[in-house]
Amino acid sequence: MKEYLQDTNLGLENLNDLYNDTMQAVRLGYWQLDIVNNKLFWSPVVYEIHEVDPSEEVDVEKAIKFYHRDFQDLISEALNKAINDGEPWDLELKIVTKTGVPLWVRAIGKAEFENGKAVRLRGLFQDIDWLKTREQELLESQSALKEAEDMAQLGNWKWYVESDKHFWSEGRFKVLGYDADEVAPSFEAAMELVHVEDRSWVEEKVRTAIVNKESYEITYRIITSKGELKVLVDKGDFVESLTYKASYYFGIVRDITKDHLREQKLQESLKSLERSNRELKDFAYVASHDLQEPLRGITSYLQLLEMGYANLFDDEAKMYMDSIINASTRMKKLINDLLTISRLDTANRQAEQVDLNEVLSIVKANLEMSINESGAEISYAELPVVTGDESRMVRLFQNLIGNAIKFRRAGVVPKVEIEWEQVGQKVGFKVSDNGIGIKPDYFDRIFTIFQRLHTREEYEGTGVGLAICKKIVESHGSRIKVESEVGKGSSFLFELDKGK
Ligand code: ADP
C-alpha cells in the first residue's frame with residue numbers, strides 16, 4: 001500500500017512537472033482574482049510574461065496598468081461586464097512588460113458567482129507576440145505582393161481542380177477589368193472574357209494540360225469586363241500536394257498589352273523599313289542600269305561630232321565640247337559607282353579563301369599610274385589569308401589605298417602602311433597614310449554615299465568609294481572606322497574573318 005502511494009505520488013509529481021513545462025513552452029499562465037478580499041493571484045508564467053519577480057505582490061490596479069495605454073479601457077470594460085453581466089472575455093491585447101517591452105497577449109476570463117454576486121474572476125493569459133508578429137509579417141508581405149502585382153500588371157490564381165474551387169488575387173480581378181470579388185472566380189468566368197477567336201484553343205490547351213497534370217504558358221487576347229482589348233500571358237503550374245491538402249494549379253497572369261503593341265509597331269516599322277530599303281535598292285539599280293543606255297548614245301554621238309566636225313568648231317565651241325565630254329565622263333563614273341553599290345546589296349557574296357598578298361598585287365597593278373605619278377610607298381608585312389569575296393577585297397583595299405594616295409599632302413611623298421593582327425577568329429586591319437587628314441566632325445559623314453569634303457577641282461572623285469568600303473566590311477560582318485589628325489594622316493580600321 002505504502003509503495004503504491006509512493007508510486008502514485010511520483011506519478012503525480014511527474015504529471016505536475018509535465019504540466020508546468022507545457023505551460024512554460026506555450027507561454028500560457030492562469031490567474032485568479034478574489035473580488036471579496038481584492039486579492040490577485042498570478043501563476044509563474046503570468047509573472048514571467050510581465051517580467052515581474054514572483055515574490056512581488058500584485059493587485060488589479062497594478063495589473064491593469066501593465067496594459068498598453070490604448071488597451072486599458074478595453075480590459076477594464078471587459079472586467080466590469082463580466083462582474084455585472086456575467087459576460088466572459090477573450091481578447092488580444094497589448095501589454096508593456098516591466099522592462100518596457102511591448103508584447104501581444106491573449107487574455108481570457110470569466111466571473112464566478114455566489115448567490116447572484118460575482119465573487120471571483122479567473123482566466124488564462126498567454127504570450128502571443130510571436131503569432132502576432134508572424135501575422136503582421138504575413139499582412140505586410142501580402143500587401144507588398146499586392147503592390148508588386150499592381151505595378152507589374154500581374155495577377156495570381158489557384159485552382160483546386162478536383163473540387164473546382166478557385167482563388168483569384170486582387171491583381172487577377174483587376175487584369176480582367178473587375179473590382180476585387182465582383183464576380184465569383186471560376187474557369188468559366190475567365191473563359192467568358194477570352195476573345196472569340198482565341199477561346200476554343202485556349203480552353204482546349206488548358207483542359208489538356210490539366211488532364212495530363214502539365215504546366216502551360218499561353219498568350220491570348222481578352223475583352224475585359226469594361227470592353228477593353230488586352231493581351232495576356234497566362235502561366236499555370238501543377239502543384240502536387242505533399243500534405244493532406246488537395247493538389248492544385250497555381251498560375252500567374254500578366255497583362256502584356258503595352259509590350260505587345262510596342263512589339264507590333266516595331267515589327268511594322270521594321271517591315272516598312274525593309275520594304276523601302278528594297279525599293280530604294282531596286283530603284284538605284286534600275287535607274288543606274290537604264291541611264292547607261294542613253295549615256296552611251298550621248299558619248300558615241302559626241303565622239304562622232306568630234307571626229308567629223310572638229311574643224312568646223314571655233315575655240316568657244318571646242319570649249320563647250322570639252323565640257324560636255326567631261327560632264328558625260330563624270331556621269332558615266334557616277335552611274336558605274338551607283339551600280340557597284342546596288343550590286344553589293346543584291347549579288348551574293350562569296351566565302352572564299354582569299355590570300356591578301358595576291359589581292360594587294362592586283363590592287364597595286366590597278367593603281368600603277370597614280371603610284372608611279374606620286375611616288376607612293378606602300379608597305380606591309382606578309383599578309384594573311386581571310387575568308388571573303390575576292391573581288392570585294394580588291395575593291396576595299398583599292399579604294400582605301402587609292403584615297404590614301406589621292407588625299408596626300410602637297411610636297412610629301414605618300415606613305416601607305418597596312419598593319420594587321422589576329423584577334424580570335426578575326427583579323428584586325430589598319431590602313432594608314434600620311435596625307436591631309438580628316439576633321440573629327442566628318443568621321444561619320446565620309447562613309448555616306450556622295451558625301452565629299454572637297455570640290456572636284458581640288459580632288460576628283462564621286463564620294464562613293466568609302467560608302468562601298470563600308471558596305472563591303474559590313475557584308476563581311478564587321479564595321480569600319482576612321483582615326484585621323486588633320487595635317488598628319490588617317491587610318492582606316494576594320495576586321496575580316498580569319499581564313500581556314
Ligand atoms: P571620293 O574619294 O570619291 O571623294 P570617298 O567616299 O572615297 O569619295 O571619300 C569621301 C571623302 O572622305 C573624300 O572626299 C575625302 O574628303 C575623305 N577621305 C577619304 N579618304 C581619305 C584619306 N585617306 N585622307 C583624307 N581624306 C579622306
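For ligands, and for the atoms within them, numbers begin at 1 and follow the listed sequence. If you're wondering where the values come from, they're calculated on a predicted model, not measured in any experiment.
- There is a side-chain donor-acceptor pair under 3.5 Å between Q267 and E263.
- Applying the salt bridge (charged side-chain N to carboxylate O under 4.0 Å, His left out) test to residues at least two apart or on different chains, the pairs with a partner in residues 426-443 are K426-D497.
- By the 4.0 Å heavy-atom criterion, D433 is counted among the residues contacting ligand 1.
- At a 4.0 Å heavy-atom cut-off, ligand 1 touches I446 through backbone and side chain alike.
- The shortest contact between atom 13 (C) of ligand 1 and any protein heavy atom is with F407 CZ, 3.4 Å.
- Atom numbering of ligand 1 starts at 1 in the shown order; those under 4.0 Å from a heavy atom of K406 are 1 (P), 2 (O), 3 (O).
- Listed by number with element, the atoms of ligand 1 under 4.0 Å from a non-hydrogen atom of L453 are 14 (O), 16 (O).
- Assignment of R445 to the shell around ligand 1 is not supported, since no heavy atom sits closer than 4.0 Å.
- By the 4.0 Å N-to-carboxylate-O rule, E268 lies too far from K271 to be salt-bridged with it.
- Two residues are said to be in side-chain contact when any heavy atoms from C-beta on lie closer than 4.5 Å; I341 and I468 meet this criterion.
- The structure places CZ of R445 at 6.0 Å from CG of L453, a figure rounded to the nearest 0.5 Å.
- If you check which protein heavy atom lies closest to atom 7 (O) of ligand 1, you get N403 ND2, 2.8 Å.
- The G463 neighbourhood of ligand 1 comprises atoms 1 (P), 3 (O), 4 (O), 6 (O), 8 (O), with distances under 4.0 Å to a heavy atom of that residue.
- Figure legend: K158 and Y248 shown as a cation-pi pair, the cationic atom lying under 6.0 angstrom from the six-membered ring centre and within 45 degrees of its axis.
- Below 4.0 Å from some heavy atom of V464 lie the following atoms of ligand 1, by number and element: 6 (O), 8 (O).
- Looking only at protein heavy atoms, the nearest one to atom 16 (O) of ligand 1 is H454 CD2, 3.1 Å.
- Considering backbone and side-chain N/O of G437, none are found under 3.5 Å from N/O of ligand 1.
- Between E460 and ligand 1, not a single N/O pair is under 3.5 Å apart.
- Between H454 and F407, the distance from one ring center to the other falls under 6.0 angstrom.
- Distances from ligand 1 to the non-hydrogen atoms of G435 include no value under 4.0 Å.
- Contact annotation: the side chain of L466 approaches that of F492 to within less than 4.5 Å [non-hydrogen atoms, C-beta and beyond].
- Using a cutoff of 4.0 Å between basic side-chain nitrogens and carboxylate oxygens, D259 and R262 are scored as salt-bridged.
- Summary of contacts: the protein heavy atom closest to atom 10 (C) of ligand 1 is Q451 O, 3.5 Å.
- Using a 4.0 Å cut-off between a side-chain N of Lys or Arg and a carboxylate O of Asp or Glu, E203 and R199 do not qualify as a salt bridge.
- Ionic pairing of D70 and K94 is not present here: no N-O contact between side-chain nitrogen and carboxylate oxygen is shorter than 4.0 angstrom.
- If you number the atoms of ligand 1 from 1 as listed, the ones under 4.0 Å from a heavy atom of G461 come out as 3 (O).
- For atom 4 (O) of ligand 1, the closest heavy atom belonging to the protein is R452 NE, 2.7 Å.
- The shortest N or O to N or O distance between L466 and ligand 1 is below 3.5 Å.
- Each of the following atoms of ligand 1 lies closer than 4.0 Å to a heavy atom of I438: 25 (C), 26 (N), 27 (C).
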